[in-house]
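Below: the structure, in structure tokens.
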Amino acid sequence: MGLNILISGHTSGIGLATLQRLLNKGADVTGVARRKLDGVLTGLTQIQADLSDKKDVLRVCNSLAHESFDVVILNAGYNTIKPPEAYTPEEIMDICTLNFTAHAALLRACLPGLLNRKGSVIGIGSVSGLEVEKWNNYYGASKAGFHHLLDNMFEQYRRQDLRVTSIIPDIANTNFYQHQQFEPSVEPDTFITPEAIAEVITGLIFEPPAYVPAQIVMRPQRFALNRKK
Ligand SMILES: NC(=O)c1ccc[n+]([C@@H]2O[C@H](COP(=O)([O-])OP(=O)(O)OC[C@H]3O[C@@H](n4cnc5c(N)ncnc54)[C@H](OP(=O)(O)O)[C@@H]3O)[C@@H](O)[C@H]2O)c1
């Protein structure tokens with residue numbers, strides 16, 4: 001039997017590259033995102049939900065209450081890069097819910113099954129959650145909280161064999177920048193590909209090291225983020 005895996009944000013970027021590898025390995029995957037991938041993808045069950053909406057988050061948590069996952073990949077995320085005063089209170093709440101609260105609730109819903117199966121949690125954080133920089137505000141704070149929560153979950157449940165890893169990427173060339181004023185440079189040494197991150201995720205699942213990497217920070221050789229013309 002294949003592994004039973006939950007992934008949020010399976011429709012694009014890092015999540016989609018990961019999904020393709022998981023299905024190729026014969027895993028049963030449940031994907032949660034606002035959109036649905038078209039076509040028949042053997043092994044994939046899709047749940048449509050807006051994870052910035054509290055009601056949707058609770059609906060998904062309830063629907064997963066009797067599921068048991070071997071691996072939970074907390075990946076969905078979004079930001080708009082701008083100064084703090086440019087956000088509306090509603091945008092702030094959406095960003096914090098999507099990047100922190102929804103994943104805390106999903107993880108809680110999956111915890112009994114994960115502990116029962118001695119499973120793994122892999123969260124996609126961000127270097128924005130490590131660095132205090134101008135314009136790195138609500139998203140960065142949500143991701144910092146997310147890293148902290150995952151570290152705490154490991155500490156809490158390590159004796160019950162739960163493995164927990166935060167993968168913390170710098171700039172990756174995905175649709176993350178589609179609605180932003182900024183975008184990655186085209187120089188290949190200035191961004192990480194979603195495929196490279198997916199390789200790290202699937203390596204943790206299918207060839208887990210004897211130790212638990214608590215945090216894996218991935219950076220391109222050079223930093224560049226360009227303002228769109
Ligand atoms: N790209 C980067 O430079 C970068 C750097 C550091 C960390 N990250 C993190 O990497 C993770 C994956 O992002 P990505 O770069 O692969 O971006 P992406 O290509 O934009 O993919 C984001 C995924 O999250 C889902 N998503 C977004 N908003 C959602 C919502 N409200 N409800 C449910 N699902 C939602 C999207 O699906 P739908 O649109 O179908 O809902 C999509 O599948 C995120 O956590 C992001 O914060 C990215």
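Ligands are counted one by one from 1 in listed order, and the atoms in each one are counted from 1 as well. Heads up: numbering here begins at 1 and tracks the sequence.
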Does any N or O atom in [X] lie less than 3.5 angstrom from one in ligand 1, N or O only?
X: Y78; result: no
X: A172; result: yes
X: I14; result: yes
X: L98; result: no
X: S126; result: no
X: N99; result: no

Part of [X] within contact of ligand 1 (heavy atoms, under 4.0 Å):
X: A49; result: backbone
X: F191; result: neither
X: L51; result: both
X: Q178; result: neither

Identify, by atom number and element, the atoms of ligand 1 in contact range of [X], meaning under 4.0 Å from any of its heavy atoms.
X: I171; result: 3 (O)
X: D50; result: 30 (C), 31 (N), 32 (N)
X: I124; result: 9 (C), 10 (O), 11 (C), 45 (O)
X: F176; result: 1 (N), 2 (C), 15 (O), 17 (O), 18 (P), 19 (O), 20 (O), 46 (C), 47 (O)
X: H10; result: 43 (O)
X: N175; result: 19 (O), 20 (O)
X: T11; result: 36 (C), 37 (O), 38 (P), 40 (O), 42 (C), 43 (O)
X: G13; result: 16 (O), 19 (O)

Worksheet item: Going by heavy atoms, is P194 under 4.0 Å from ligand 1?
Response: no
Discussion item. Which label fits Y138 and Y87: parallel for a plane angle under 30°, tilted from 30 to 60°, or perpendicular past 60°?
Written reply: perpendicular
Other residues, nucleotides, ligands: >12 heavy atoms within 6.0 Å of [X] [atom1]:
X: K55; atom1: NZ; result: no
X: M93; atom1: CE; result: no
X: R108; atom1: CZ; result: no

What protein heavy atom lies closest to [atom]? Include the residue and the distance to one decimal.
atom: atom 3 (O) of ligand 1; value: Y177 OH, 2.6 Å
atom: atom 19 (O) of ligand 1; value: S12 OG, 2.6 Å
atom: atom 6 (C) of ligand 1; value: P169 O, 3.2 Å
atom: atom 11 (C) of ligand 1; value: N75 O, 3.1 Å
atom: atom 8 (N) of ligand 1; value: Y139 OH, 3.7 Å

Closest by any non-hydrogen atom to [atom]: pick that one out of [options].
atom: atom 4 (C) of ligand 1; options: I197, D170, T174; value: D170
atom: atom 27 (C) of ligand 1; options: R34, H103, E183; value: R34
atom: atom 7 (C) of ligand 1; options: G9, G125, G77; value: G125

From [X] [atom1] over to [Y] [atom2], what is the distance, rounded to the nearest 0.5 angstrom?
X: L107; Y: L64; atom1: CG; atom2: CG; answer: 11.5 Å
X: I205; Y: S120; atom1: CD1; atom2: OG; answer: 7.5 Å
X: D94; Y: K54; atom1: CG; atom2: NZ; answer: 13.5 Å
X: D170; Y: E131; atom1: CG; atom2: CD; answer: 6.5 Å
X: K36; Y: L41; atom1: NZ; atom2: CG; answer: 11.5 Å
X: Y177; Y: I171; atom1: OH; atom2: CD1; answer: 3.5 Å

Practice prompt. Inspect the contact between D50 and R34 and indicate whether a charged nitrogen and a carboxylate oxygen are less than 4.0 angstrom apart.
Written response: no
Worksheet item: Between the side chains of S8 and N75, does any donor sit under 3.5 Å from an acceptor?
Response: no
Worksheet item: When you check the side-chain N and O atoms of T18 and H10, is any donor under 3.5 Å from an acceptor?
Response: no
Worksheet item: Regarding K143 and the six-membered ring of F100, is the cationic atom NZ or CZ under 6.0 Å from the ring centre and inside 45° of its axis?
Response: no
Discussion item. Quick one, Q181 with R227, criterion side-chain hydrogen bond (donor to acceptor under 3.5 Å, both in side chains). Give me CA distance, side-chain angles, the key distance, then yes/no.
Written reply: CA-CA 6 Å; Q181 297 172 45; R227 193 179 275 276; 2.8 Å; yes
Discussion item. Between H147 and S126 (side chain of the first, backbone of the second, donor and acceptor by atom type, cut-off under 3.5 Å), is there such a pair?
Written reply: yes
